[in-house]
Student: 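Have a look at this one.
In this chain, residues are counted from 1 in sequence order. Everything numeric in this text was worked out from a predicted model, so none of it was measured.
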Amino acid sequence: MQLIYYPIIISLFAIAYVWFLVMQIRKAPVAGGKAVEITLAVQEGAMSYLKRQYKTISIVGVVLFILLFFLGWKIAIGFLLGAVLSGVSGFIGMIVSTQANTRVAESAKKGMVKALDISFKGGLITGLMVVSLGLLAVSVYYLLTGMEGLVALGFGASLISVFARVGGGIYTKAADVGADLVGKVEKGIPEDDPRNPAVIADQVGDNVGDCAGMAADIFETYAVTTVATMILGGLLFPASPQFVLLPLVLGAVSILTSIVGSYFVKLGSPTKIFRKNLGGQETQSIMGAMYKGIAASVILSAIGFYPVILKLMAGQAIATNNLYFACLVGLAIAGGMFVITEYYTSKSYGPVKSIAKASETGHATNIIRGLGLGMQSTAMPVLLIAFGTIISFWFAGIYGVALAVMAMLSVSGIVVGVDAYGPITDNAGGIAEMSGMPEEVRKITDALDAVGNTTKAVTKGYAIASAGLAALVLFAAYSQEASINGAVSFSLDNSKVIAGLLIGGLLPYLFASFLMGAVGKTAGKVVEEVRRQFKQIPGLMEGTGKPEYGKCVDIVTKSAIKEMLLPALIPILAPILVGVFLGVEALGGLLIGSIVTGLFVGISMTTGGAAWDNAKKYIEGGAYGGKGSFAHQAAVTGDTVGDPYKDTAGPAINPMIKVLNIVALLIIPFLV
């Protein structure tokens, strides 16, 4: 049992290392002049939104806490712990992002190397906090209470995650779409132009959506997967606590390897990849630097897992080599998702270039090609997940599948770091543009941001794949729990199972439709306000009038809070209603149906949306007439449609399908 102290100690060490990184970033100089005013406005807007969001969520949380208290104090406290730490993860991610962005803009004056160093460290803080808090929470609560309450801890994390993803996603894309429709399309002014009244709301959205939302999402996925693997180990091997402790120890190993791997994120030998964008200044492959860090973390984890498994699992029911190979399958799936998603979303490859090419013939052909590409992009990831599931099951049964998912998520520290780097550089570019910094600064931040679009897409693909596999593990735990008091069949000749499959398959589409509608409705309000200001504020278009930035921030904040409630309640209420009225078998069908369609909806939306975005940037780099051309106008339309795809509806599918499964696990004792 003393093994439990190792994950706790390593988690605390990682938190101490995060504090060291924070101190390093705070020592970096901040941008002065007008940039100070812009930075403070972004920080104030982000803080204001998160406070209102968490205040709204806390009302739902308090009601659920009281209800869960009747099931036992361990369950209620576990729920509270998971919810609070998931919220803290998002809050820290947002704080770090809003403090790092101005320092990246200032450091870009000294060149690419310094700017990359600060932006990546800012993202790494978020990544390491997510995994260390997740591992610490599960380890400590297991040490204090045993298995009881762990499911509720996962539920608390899931609840905050789905609200953060939904609310933050609506905010960021409503502001972005509203700003683009009037600024770029109607007025023909550049992105992040200080004359645009919605530009501060757009900057705030990057933080509350991509930083706070992603942090809460991965915290929840990490915690829930760890809990599900522990529960499965306890149910399958009740006499061997090693199966319960193994996922915690593997998580601890990968936290250390992520820290070591972060030192490999260095620019290598110079290339001329960004020569054109940087006006002749040579730089290095930023994407290659990121991949070096991820590859080092994955390889070191693969090496570190073996002695741990050999020592801990010797003489158990499953051979140590089989357990180890199942872990390698998970790491291979992670690597495969990076490669596949980059292929479909990077400007360097055919898929994105095909959307750019389609833009030459108009808006409609851009949309048609983007939709088709999003659908096509589901094939390789789903086949990868399918084969990974079969192989890991062959090695170690359903516990092997759980270990594969745990291994895949164990490197989340550096993966989230690469993701959170993106909005930091995006904001840095906005600060540089709005404060009138030298052109060379903006070219460096643009190069960093261009890579950030791909890294965000890659990590979203990773998150969706891990969410789908994690949900399968949760379903396995559900089916084991359901069979404790007698055999429960999920056979396809059972009409209730079929009904559950259809209802479950419907939910991701219904959920996504609410989010797309919310973004469209909120963006419409932003468009009206931006048009009003351009019409009524004298000299605004000429640059002599001052925009009322706060009006757009307030509109998006209020609307995002209002619109997030209904879709966020769907995954909580649906399993309860189906379980109560149709029974255990129908609920099992619902879970599988939601996983299957959720994977396809999530992947197609996030990948397709990112491809639309980078197709626009590819044209802005000079292809097909460059900025202002007919092809560029069509690409802006595609990017605008793709915004809520990739940053609102698609990513929110991750927590949605896991909330469905975790609620089912919570209520199963009352259904059998």
Student: Quick one: does Arg103's side chain have a donor or acceptor within less than 3.5 Å of a partner on Gln99's backbone?
Tutor: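 Looks like yes, one N/O pair under 3.5 Å.
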
Student: Locate the shortest heavy-atom distance separating Pro644 from Val519; write the atom from each residue and the value.
Tutor: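 Minimum heavy-atom contact is CB-CG1, 3.8 Å.
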
Student: Taking atom types as modelled, find out whether Glu620 and His632 have a side-chain donor-acceptor pair closer than 3.5 angstrom.
Tutor: yes

Student: Would you call the rings of Trp612 and Tyr645 parallel, tilted or perpendicular if under 30° counts as parallel and over 60° as perpendicular?
Tutor: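 Because their plane-to-plane angle is over 60°, the rings of Trp612 and Tyr645 count as perpendicular.
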
Student: Do NZ/NE/NH1/NH2 and the carboxylate oxygens of Arg195 and Glu542 come within less than 4.0 Å?
Tutor: no

Student: Judged by modelled atom types alone, do Ser132 and Ser11 share a side-chain donor-acceptor pair under 3.5 Å?
Tutor: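 Ser132 vs Ser11: no donor-acceptor pair found between side chains.
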
Student: Inspect the surroundings of CZ in Phe91 and state if more than 12 heavy atoms from other residues, nucleotides or ligands are less than 6.0 Å away.
Tutor: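 Open.
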
Student: Mind checking the CD-SG spacing from Glu528 to Cys552? Nearest 0.5 Å is all I need.
Tutor: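 One finds 11.5 Å between CD of Glu528 and SG of Cys552.
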
Student: Name the one of Thr39, Asn101, Asp202, Thr445 that satisfies side-chain hydrogen bond (donor to acceptor under 3.5 Å, both in side chains) with Asn427?
Tutor: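 Only match with Asn427 under side-chain hydrogen bond (donor to acceptor under 3.5 Å, both in side chains): Asn101.
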
Student: Please check this pair: side chain of Ser89 against backbone of Leu85, looking for a donor-acceptor N/O pair closer than 3.5 Å.
Tutor: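 Judged by distance alone, yes, a pair lies under 3.5 Å.
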
Student: Check Val104, Ile125, Ile414 against Phe120 for a side chain to side chain contact (heavy atoms under 4.5 Å, CB included) and give me the one that passes.
Tutor: Ile414

Student: Start with the C-alpha gap between Glu44 and Leu40, add the side-chain angles, then the distance that decides, and say whether side-chain contact (heavy atoms from CB on, under 4.5 Å) holds.
Tutor: CA-CA 6 Å; Glu44 182 182 341; Leu40 289 175; 6.0 Å; no

Student: Would a 4.5 Å heavy-atom cut-off, applied to side chains only, mark Val352 and Lys617 as touching?
Tutor: no

Student: Nearest 0.5 angstrom please: Lys110 NZ to Asp117 CG, how far?
Tutor: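 It comes to 11.5 Å.
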
Student: Assess the residue pair Leu159 and Phe79 against the criterion (side-chain contact (heavy atoms from CB on, under 4.5 Å)); give the C-alpha distance rounded to whole Å, side-chain angles, the decisive distance to 0.1 Å, and a yes or no.
Tutor: CA-CA 9 Å; Leu159 180 74; Phe79 167 79; 3.7 Å; yes

Student: So Ile603 and Tyr344, do their side chains get closer than 4.5 Å, heavy atoms only?
Tutor: no

Student: Donor-acceptor pairs are to be reported for all side-chain atoms of residues 165-172 against protein atoms at under 3.5 Å, with residues two or more places apart or in another chain.
Tutor:
unit_1 : atom_1 : unit_2 : atom_2 : d
Arg165 : NE     : Asp217 : OD2    : 3.2
Thr172 : OG1    : Gly205 : O      : 3.1

Student: Answer yes when Glu37 and Lys546 have at least one side-chain N-carboxylate O distance shorter than 4.0 Å, and no when they do not.
Tutor: yes

Student: How close do Ala164 and Gln53 get, counting heavy atoms only, and between which atoms?
Tutor: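 Smallest interatomic distance, heavy atoms only, reads CA-NE2, 3.6 Å.
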
Student: With a 4.5 Å limit on heavy-atom distance, are the side chains of Leu510 and Phe514 in contact?
Tutor: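 Yes, their side chains come closer than 4.5 Å.
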
Student: For Ile25 and Lys121, work out which heavy atoms get closest and say how close.
Tutor: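 Shortest heavy-atom contact: CD1-C, 3.8 Å.
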
Student: Does any non-hydrogen side-chain atom of Phe338 lie less than 4.5 Å from one of Val415?
Tutor: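 With C-beta onward as the side chain, the pair touches.
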
Student: With heavy-atom distances below 4.5 Å as the criterion, would you say the side chains of Leu136 and Ile15 are in contact?
Tutor: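 Leu136 reaches Ile15 side chain to side chain.
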
Student: Does Met94 offer a backbone N or O that forms a donor-acceptor pair with the side chain of Ser97 under 3.5 Å?
Tutor: no

Student: In Å, rounded to the nearest 0.5 Å, how long is the span from OG1 of Thr98 to CD of Gln43?
Tutor: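 Interatomic distance, Thr98 OG1 to Gln43 CD, rounded to 0.5 Å: 4.5 Å.
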
Student: So that I can tick it off, tell me whether Asp193 and Lys187 are bridged by a salt bridge, with the cut-off set at under 4.0 angstrom between side-chain N and carboxylate O.
Tutor: no

Student: May I ask you to decide if Gly429's main-chain N or O and Arg442's side chain share a donor-acceptor pair within less than 3.5 Å?
Tutor: yes

Student: Quick check on Lys109: does its NZ atom have over 12 non-hydrogen neighbours (other residues, nucleotides or ligands) under 6.0 Å away?
Tutor: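 Yes, enclosed.
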
Student: Rounded to the nearest 0.5 Å, what separates atom CG in Asp643 from atom CG in Asp613?
Tutor: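 CG of Asp613 is found 6.5 Å from CG of Asp643.
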
Student: Begin with the C-alpha distance, continue with both residues' side-chain angles, and end with the deciding distance and a verdict on side-chain contact (heavy atoms from CB on, under 4.5 Å) for Phe163 and Val60.
Tutor: CA-CA 10 Å; Phe163 274 108; Val60 179; 4.2 Å; yes

Student: May I have the step-by-step check of salt bridge (charged side-chain N to carboxylate O under 4.0 Å, His left out) for Asp647 and Lys460, ending in yes or no?
Tutor: CA-CA 9 Å; Asp647 289 326; Lys460 285 188 179 85; 2.9 Å; yes

Student: Sub-3.5 Å donor-acceptor pair from the side chain of Thr607 to the main-chain atoms of Ser604, do we have one?
Tutor: no

Student: Heavy-atom distance under 4.5 Å between the side chains of Ile367 and Val641, does that happen here?
Tutor: yes

Student: For the residue pair Pro571 and Val162, what are the closest heavy atoms and their distance?
Tutor: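 Nearest pair, atom of Pro571 first, then Val162: CG-CG2, 4.4 Å.
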
Student: Tell me if a side-chain donor or acceptor on Thr102 pairs with a main-chain N or O of Ala31 at a distance below 3.5 Å.
Tutor: yes

Student: Any chance you could lay out the side-chain contact (heavy atoms from CB on, under 4.5 Å) test for Ser559 and Lys521, step after step, and finish with the verdict?
Tutor: CA-CA 9 Å; Ser559 188; Lys521 187 189 303 183; 5.6 Å; no

Student: Check Ala105 against Val441 and note the closest heavy-atom contact, atom names and distance.
Tutor: O-CG1, 3.6 Å

Student: How far does CD1 of Ile561 sit from NZ of Lys55, to the nearest 0.5 angstrom?
Tutor: 10.5 Å

Student: When you measure from the side chain of Tyr49 to the backbone of Val553, do you find a donor-acceptor pair of N or O atoms at a distance under 3.5 Å?
Tutor: no

Student: To the nearest 0.5 Å, what is the distance between NZ (Lys27) and CD1 (Ile118)?
Tutor: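 The distance works out to 12.5 Å.
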
Student: Heavy atoms only: give me the nearest Met605-Ala512 pair and the separation to one decimal.
Tutor: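 Scanning both residues, the minimum pair turns out to be CE-CB, 3.9 Å.
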
Student: Please check if the side chain of Ser119 supplies one atom and the backbone of Leu116 the other of a donor-acceptor pair under 3.5 Å.
Tutor: yes

Student: Tell me, do Glu106 and Ile431 make a side-chain contact under 4.5 Å, heavy atoms counted?
Tutor: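 No. Closest side-chain heavy atoms not under 4.5 Å.
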
Student: Answer yes or no: are there more than 12 heavy-atom neighbours, outside Glu548 itself, under 6.0 Å from its atom CD?
Tutor: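 More than 12 heavy atoms, drawn from other residues, nucleotides or ligands, come within 6.0 Å of this atom.
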
Student: Kindly say whether Ala157 contributes a backbone atom to a donor-acceptor pair with the side chain of Ser161 at under 3.5 angstrom?
Tutor: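 Checking the backbone N and O of Ala157 against the side chain of Ser161, no donor-acceptor pair under 3.5 Å is found.
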
Student: Are any non-hydrogen side-chain atoms of Val131 and Ser258 less than 4.5 angstrom apart?
Tutor: no

Student: Is there a donor in the side chain of Lys551 and an acceptor in the side chain of Gln533, or the other way round, less than 3.5 Å apart?
Tutor: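 No, because no side-chain N or O of Lys551 sits under 3.5 Å from a partner of the opposite role on Gln533.
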
Student: Report yes or no: do Thr221 and Lys658 form a side-chain donor-acceptor pair below 3.5 Å?
Tutor: yes

Student: Would you tell me whether Tyr462 and Ser412 have side-chain atoms, one donor and one acceptor, within less than 3.5 Å of each other?
Tutor: yes

Student: Assess the side chains of Glu220 and Ser158: does a donor N or O sit below 3.5 Å from an acceptor N or O?
Tutor: yes

Student: Are there more than 12 heavy atoms of other residues, nucleotides or ligands under 6.0 Å from atom CZ of Arg532?
Tutor: yes

Student: Can any side-chain N or O of Tyr549 pair as donor or acceptor with the backbone N or O of Val199 at less than 3.5 Å?
Tutor: no

